[in-house]
Amino acid sequence: MPQDEDVPAMTTIREWLRRFLIRAVSRAHGRAYRSSRGRLLGRVAGMPVLLLTTTGRRSGRARTATLTFFRDGRDLVVIGSFGGSDEPPAWWLNLQRDPRASVLMGGRSTRVTARTASAEEYERLWPHVTETHPGYARYQRRTARPIPIVLLTPEQG
C-alpha cells in the first residue's frame with residue numbers, strides 16, 4: 001500500500017501519461033484527417049473536427065492540434081479543456097501569445113483570429129458546450145483552472 005507521500009508522485013505520473021496520450025492521439029487523428037482531406041475522422045463524439053495551426057510561443061514553428069468545435073454565428077468555438085488537466089493546452093498558450101492562426105476543415109484552410117469568450121459569451125455558451133458534450137463538465141470538475149472557451153473568427157474575404 002503506498003505511503004501518503006507517494007500519492008502526489010503517482011498523481012503526477014498519471015497526469016503526465018494522460019497528457020502524453022491526449023497529444024499522441026491528437027497527432028495521429030490529425031494525420032489521418034489531413035491525409036483524407038477530412039473524409040476520415042471528421043467527427044469525434046458526434047462533434048465536427050478541425051485542425052488548428054498556431055505559431056509555437058517558444059519555437060516560432062507551426063503547431064497543429066486536432067479539436068472538436070461548434071459554430072456561434074460565423075465564429076468557430078473551441079474549448080481549452082486538455083482533458084481536464086491542470087495545465088492548459090499548448091495551442092491555447094500559443095494563441096495567447098499570437099492570436100493569428102489557421103484552421104483546416106475538410107480540405108479547406110481558413111485564417112482566423114482567436115479570442116477568449118467574454119463573460120457574457122461564456123455564460124451563454126457554456127450550457128451549450130456541456131449539453132453537446134457532457135465530458136466538458138467533468139473536465140471542469142477535474143481541474144481548478146477555468147476552462148477557456150475560445151472563439152476563432154475567420155478573416156474577411
Side-chain angles (χ1 to χ4, degrees), residues 7-34 41-105 109-155:
V7 172
M10 285 302 292
T11 301
T12 302
I13 291 167
R14 187 172 294 132
E15 179 68 14
W16 178 87
L17 181 60
R18 193 164 59 79
R19 288 193 314 256
F20 174 82
L21 289 172
I22 289 169
R23 286 185 192 114
V25 168
S26 178
R27 280 189 213 108
H29 187 154
R31 283 191 298 274
Y33 182 87
R34 186 183 307 274
L41 302 174
R43 296 185 84 74
V44 170
M47 295 178 68
V49 171
L50 60 76
L51 299 185
L52 173 69
T53 301
T54 62
T55 301
R57 65 195 176 284
R58 292 186 294 237
S59 69
R61 294 172 51 191
R63 303 293 185 196
T64 301
T66 306
L67 303 172
T68 59
F69 74 97
F70 64 91
R71 292 184 182 273
D72 184 49
R74 63 185 294 259
D75 292 332
L76 305 170
V77 180
V78 293
I79 312 301
S81 66
F82 202 16
S85 173
D86 288 333
E87 298 294 320
W91 62 263
W92 175 230
L93 297 174
N94 293 343
L95 287 174
Q96 289 176 320
R97 173 90 182 241
D98 181 358
R100 296 167 300 162
S102 67
V103 296
L104 179 68
M105 295 182 293
S109 183
T110 305
R111 298 286 306 161
V112 295
T113 302
R115 67 178 176 83
T116 307
S118 68
E120 295 80 21
E121 289 169 322
Y122 198 97
E123 290 291 319
R124 177 175 58 81
L125 293 170
W126 187 251
H128 178 66
V129 168
T130 57
E131 287 168 14
T132 304
H133 184 61
Y136 287 120
R138 286 191 303 275
Y139 296 158
Q140 184 60 78
R141 287 190 299 273
R142 186 182 292 162
T143 184
R145 74 177 173 88
I147 292 179
I149 294 178
V150 182
L151 299 159
L152 305 173
T153 302
E155 288 183 358

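Using a 4.5 Å heavy-atom threshold, the side chains of V78 and T68 count as separate. Contact check for V150 versus I79: no side-chain heavy atoms found under the 4.5 Å cut-off. No side-chain heavy atom of T55 sits less than 4.5 Å from a side-chain heavy atom of N94. You'll find the side chain of P154 reaches within 4.5 Å of the side chain of R74, heavy atoms only.
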When you look at I149 and V129, which way does the side-chain contact (heavy atoms from CB on, under 4.5 Å) test go after all the steps? CA-CA 9 Å; I149 294 178; V129 168; 4.3 Å; yes
Can you list the steps and then say if L151 with L76 is a side-chain contact (heavy atoms from CB on, under 4.5 Å)? CA-CA 6 Å; L151 299 159; L76 305 170; over 6 Å; no
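With sequence neighbours left out, R124 forms a salt bridge (charged side-chain N to carboxylate O under 4.0 Å, His left out) with D72. Under the salt bridge (charged side-chain N to carboxylate O under 4.0 Å, His left out) criterion, R63 pairs with no residue, sequence neighbours left out. With sequence neighbours excluded, the residues that form a side chain to side chain donor-acceptor pair (under 3.5 Å) with T153 are D75. Residues passing the ring-ring contact (aromatic ring centres under 6.0 Å, His included) test with W126, sequence neighbours excluded: Y122. Residues that satisfy the ring-ring contact (aromatic ring centres under 6.0 Å, His included) test with Y136, not counting sequence neighbours, are H133, Y139. Residues satisfying the side-chain contact (heavy atoms from CB on, under 4.5 Å) criterion with T143, sequence neighbours excluded, are D86, Q140, R145, I147. Applying the side chain to side chain donor-acceptor pair (under 3.5 Å) criterion to R97, with sequence neighbours excluded, gives no partner residue. For the side-chain contact (heavy atoms from CB on, under 4.5 Å) test, residues two or more places apart in sequence or in another chain that qualify with T116 are W92. The side chain to side chain donor-acceptor pair (under 3.5 Å) search around E121 returns R115, S118, not counting sequence neighbours. For A90, the side-chain contact (heavy atoms from CB on, under 4.5 Å) partners at least two apart in sequence or on another chain are R57. Listed by chain and number, the residues in a side-chain contact (heavy atoms from CB on, under 4.5 Å) with T113 are P99 (sequence neighbours excluded).
Counting only residues at least two apart or in different chains, ring pair (Phe, Tyr, Trp, His ring centres under 6.0 Å) contacts with residues 50-73 comprise F70-H128.
The distance from the CZ atom of R61 to the OG1 atom of T54 is 12.0 Å, given to the nearest 0.5 Å. Interatomic distance, CZ of R71 versus CG of L152, reported as 10.5 Å (0.5 Å rounding). In this structure, the separation between OG1 on T66 and CG on L50 is 8.5 Å, given to the nearest 0.5 Å.
In plain terms, the two heavy atoms of S102 and V112 that are nearest each other are N-CG2, 4.2 Å. The two residues L104 and S109 come nearest to each other via the heavy atoms CD1-N, 3.9 Å.
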